[in-house]
J.: 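Quick one: structure below, then a few questions.
Reckoned from all heavy atoms, side chains included, excluding hydrogens, waters and symmetry mates. Letters A, B, ... are given to chains in the order of the sequence lines, protein chains preceding strands, and every chain is numbered from 1.
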Amino acid sequence: MRWTDNFISTLREDPQDAEAISHKLMVRASLIRKLTSGAYTYLPLGLKALKKVEDVIRTEMNRSGAIELLMPAMHPVELWKKTGRYEIMDHVLVKYKDRHGREIVLGPTHEEIITDIVSREINSYKDLPKILYQIQTKFRDEIRPRFGVIRSSEFIMKDAYSFDADTEGLEKSYKKMYDAYCRILERCELPYVAVEADPGVMGGNISHEFMVPSAIGEDEIVICKCGYAASVQVAGCKEPGTEDRSTASSSAAPGTGDRRPTDKIKEVETPDMSSVEDVSKFLRVKPSQLIKTLIYLADGKPIALLVRGDHAANEIKLKNFLKADALEMADDKVIQDVTGGPMGFSGPIGLKIRILADFSLMGIMNAVVGANKKDRHLINVNADRDFKPEAWIDARVITLKDPCPRCAGKIELKHAIEIGHTFKLGTKYSHVLGANFLDKSGKSHPMIMGCYGIGVNRILAASIEVSHDKDGIIWPKPISPYEVVILPLNVENKELLKTSEELYGQMREADLDVILDDRGQRAGVKFKDADLIGFPVQVIIGEKNLQKRKVEIKTRKDGKSQLVDIMDVIKKI
RNA sequence: CGGGAAGUAGCGCAGUCUGGUUUAGCGCGCUUGGUUCGGGACCAAGAGGCCGCGGGUUCGAAUCCCGCCUUCCCGACCA
């Protein structure tokens, strides 16, 4: 490709509306332009990179035995109603009515559709297992699109679905996809970690997220030297044994230096103080000496969860423990109803609803709890003596102070960008949509499913996020829009231009993906643009070197260059 | 949806507080001519604006007031 035949316009300055580095660079390097919030045009250079990522994905999916197909983006609403996700995913579904009044959903993902197809086409165990995939545009009505292409309302996903006759088959399919994902990310040269994660609305019980650590990542992950890696939402907390417990109970009761249970619960005034921070400051106790009482609605029924003041409740763990389909924070009205007091002053004492407590609170003494009255808290509250939860459970978010759930070593917390997610779905979709097969004995069973998603444009953004410098993007070769850029530094020089054209022709013959910067720009402009866009290799053709029949080959990554004979250029790249 | 910030030429910004010397500027980019030519050149001449939209106040509004729209950030949410 010749630069002047292309459609490239780089920007010298950062766009005003971009925050993330990858977003700024993608705009400046002429890869994308925003149409509206959450929707981006891929300019030719960006599309080229996107296609490269797709190529890598296709190759590895095909290698793993998956088969490509393409499903519609518009879905009849009935399928979504059948699986119940019309309600569950209501807030992200993009919907419209067609001229006949039929309601249409623009697909945010395709479990419903693929299961429907497979239910019609596959009937026998002989046709299993199957892994089907597509690369396609998805639509999600995101609450807040963010960071350019990292979280956009319209995005490109590779989604794959496996169908097996039994769980052993699912394990094999899952492993194949897991391995394929590792290969894909390795080929894209992304530093990633595969972590245990929560399946969320996808269903199933086990899932893995493929995460690329980055400061702008919207998810947090836990990593340990022992190899343990998990989403912060699922990382298990150990039962308090040693150090954690001692911090919890060592702090003194308000106004005393006493560790022993103080005999009387006292009601104290805490005017307008409902937050842990306010209350602990006011009463001069550590946040860890407070008990937060959180009221939830689990499938519509109120339930109280107690966690330590310095801990964050983990709704996923709670939801899993309760085996609830829906879990939400109760609103003011419900709280007033079940506790008798306003939000912010709830406490376990006198509560008539189910009470669960995080096990970091086991044996806590002289704690502070809400009094279920406005502007009142109770002090000197002791576990077991004054309140007794139905169960002590793991229901909080892991913190840096917690030991590794696997080896008890020191953990690290990191922000990360979710690039891919794999799920074991089981029969959740095949059951309701009737994707059944007949086994050898003629008995009908629902197929066992898995699903596997990868964000194609997120790979691009994440790659830039982890690989750039002050001058611009540093592409890994496999996903760079072009592998090589030829920079004739003075196109007015006929001889120089001719040589460049010849070299360009030879490289194309040699199947190199090359772009020729044939613009009549000054050298400096060409260097800046080449660095900004980040082509891995620059072939620089200048007048002085050319007289010696030499050109310069420079690699973007390390900035190192070598002078080589013109005849040897292709060999050296 | 709550909190914050912003919208002036293709891009990045100043001007708005304190209404009138503003015929609305600057830098980059763009056009033409010339000189340059290995790290975003220089000189000269140009083109390019519903000052986000609507209403109001005023002799007079980019500037003050009211309403709306859009965008970004933080939060809640999220395969």
J.: Provide, to the nearest angstrom, the distance between the CG atom belonging to A/L489 and the C1' atom belonging to B/rC37.
T.: 9 Å
J.: If you assign A/D219 and A/D17 each to the RNA chain B nucleotide with the nearest heavy atom, which residue ends up on the more 5' nucleotide?
T.: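 It is A/D17 whose nearest nucleotide is closer to the 5' end.
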J.: Do A/Q538 and A/D531 get their side chains close enough for a donor-acceptor pair, meaning under 3.5 Å?
T.: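 A/D531 and A/Q538 do have a side-chain donor-acceptor pair below 3.5 Å.
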J.: Kindly say whether, by distance alone, the side chain of A/R28 makes a donor-acceptor pair under 3.5 Å with the base of B/rG40?
T.: yes
J.: Looking only at N and O atoms, is any donor in the side chain of A/R151 or the base of B/rC78 less than 3.5 Å from an acceptor on the other one?
T.: yes
J.: Is there a donor on the side chain of A/N490 or the base of B/rG38 sitting less than 3.5 Å from an acceptor on the other?
T.: no
J.: Go through the side-chain N and O atoms of A/T422 and A/Y174 and say whether any donor and acceptor fall under 3.5 Å apart.
T.: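 Yes, side-chain donor-acceptor contact under 3.5 Å.
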J.: Does any pair with a residue in residues 75-84 of chain A pass salt bridge (Lys or Arg N to Asp or Glu O under 4.0 Å), and if so which ones, sequence neighbours excluded?
T.: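 As it turns out, there is no salt bridge (Lys or Arg N to Asp or Glu O under 4.0 Å) pair with a partner in residues 75-84 of chain A once direct neighbours are skipped.
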J.: Across all strands shown, which nucleotide pairs with B/rG67 by Watson-Crick or G-U wobble geometry, both distances under 3.5 Å?
T.: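 Across all strands, the one nucleotide that pairs with B/rG67 is B/rC53.
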J.: Classify the nucleic acid contact of A/S9 as base, sugar-phosphate or nothing, counting any heavy atom under 4.0 Å across all strands shown.
T.: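 Nothing, no heavy atom under 4.0 Å.
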J.: How many Å lie between NZ on A/K528 and P on B/rC28, as a whole number?
T.: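 Roughly 16 Å, once rounded to whole Å.
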J.: Classify the side chain of A/Q521 versus the base of B/rG40 as yes if they form a donor-acceptor pair under 3.5 Å and no if they do not.
T.: no
J.: Do A/K176 and A/Y181 have a side chain donor and acceptor closer than 3.5 Å?
T.: no
J.: Would you mind pulling out the nucleotide paired to B/rA76, Watson-Crick or G-U wobble, both distances under 3.5 Å?
T.: none
J.: Using a 4.0 Å heavy-atom cut-off, does A/D159 contact any base of the nucleic acid, only the sugar-phosphate backbone, or nothing at all?
T.: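 No contact.
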J.: Take atom P in B/rA14 and the same atom in B/rA76, then report the distance between them in whole Å.
T.: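 Per the computed distance, 31 Å lies between those P atoms.
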J.: Which residue, A/K544 or A/E209, contacts RNA chain B at a nucleotide closer to its 5' end, judged by nearest heavy atom?
T.: A/K544
J.: If you look at every strand shown and take non-hydrogen atoms under 4.0 Å, does A/F155 touch a base, only sugar-phosphate, or nothing?
T.: base
J.: Is it the case that the base of B/rG38 and the side chain of A/E543 share a donor-acceptor contact (distance under 3.5 Å, atom types as modelled)?
T.: no
J.: Check this one for me: any side-chain N or O of A/R522 less than 4.0 Å away from OP1 or OP2 of B/rA41?
T.: yes
J.: Across all strands shown, which nucleotide pairs with B/rC59 by Watson-Crick or G-U wobble geometry, both distances under 3.5 Å?
T.: B/rG20
J.: For A/E142, which contact category applies under a 4.0 Å heavy-atom criterion: base, sugar-phosphate, or nothing?
T.: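 Base contact - A/E142 has a heavy atom under 4.0 Å of at least one base atom.
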J.: Taking all non-hydrogen atoms of both residues into account, name the closest pair between A/P191 and A/V466 and its distance.
T.: CD-CG2, 3.9 Å
J.: Would you say the side chains of A/S162 and A/Y452 form a donor-acceptor pair under 3.5 Å?
T.: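 Checked: A/S162/A/Y452 side chains pair up, N/O donor to acceptor below 3.5 Å.
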J.: Considering every strand and a 4.0 Å limit on heavy-atom distances, what is the contact class for A/K34: base, sugar-phosphate, or nothing?
T.: sugar-phosphate
J.: If you check every side-chain atom of A/H91, which of B/rG38, B/rC78, B/rG12 has the closest atom?
T.: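 Out of B/rG38, B/rC78, B/rG12, the nucleotide with an atom closest to A/H91's side chain is B/rC78.
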J.: Quick one: sort the A/Y178 and A/H208 rings into parallel, tilted or perpendicular, breaks at 30° and 60°.
T.: perpendicular
J.: Any base atoms under 4.0 Å from A/P15, or only sugar-phosphate, or nothing? Heavy atoms, all strands.
T.: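 If one applies the 4.0 Å heavy-atom cut-off, A/P15 turns out to touch the sugar-phosphate alone, with no base involved.
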J.: Would you mind pulling out the nucleotide paired to B/rC30, Watson-Crick or G-U wobble, both distances under 3.5 Å?
T.: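 Across all strands, the one nucleotide that pairs with B/rC30 is B/rG46.
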J.: Write down the partner of B/rA41 under the Watson-Crick or G-U wobble criteria, each distance required to be under 3.5 Å.
T.: B/rU35
J.: Look at A/T36 and B/rU70 and indicate whether a side-chain polar atom (N or O) is within less than 4.0 Å of OP1 or OP2.
T.: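 No, outside the criterion.
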J.: Base, sugar-phosphate, or nothing: which does A/L487 touch, judged by heavy atoms less than 4.0 Å apart?
T.: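 It contacts nothing in the nucleic acid.
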J.: Would you say B/rG29 has OP1 or OP2 under 4.0 Å from some side-chain N or O of A/R12?
T.: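 True: A/R12 side-chain N/O within range (under 4.0 Å) of B/rG29 OP1/OP2.
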J.: Can you tell me whether the side chain of A/D531 and the base of B/rG39 have a donor-acceptor pair closer than 3.5 Å?
T.: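 Check passes, donor-acceptor contact within cut-off.
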J.: Quick one: is A/R144 getting a side-chain N or O under 4.0 Å of the B/rC77 phosphate, OP1 or OP2?
T.: no
J.: At under 4.0 Å between heavy atoms, what does A/G542 touch on the DNA or RNA strands: base, sugar-phosphate, or nothing?
T.: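 Result for A/G542 = base.
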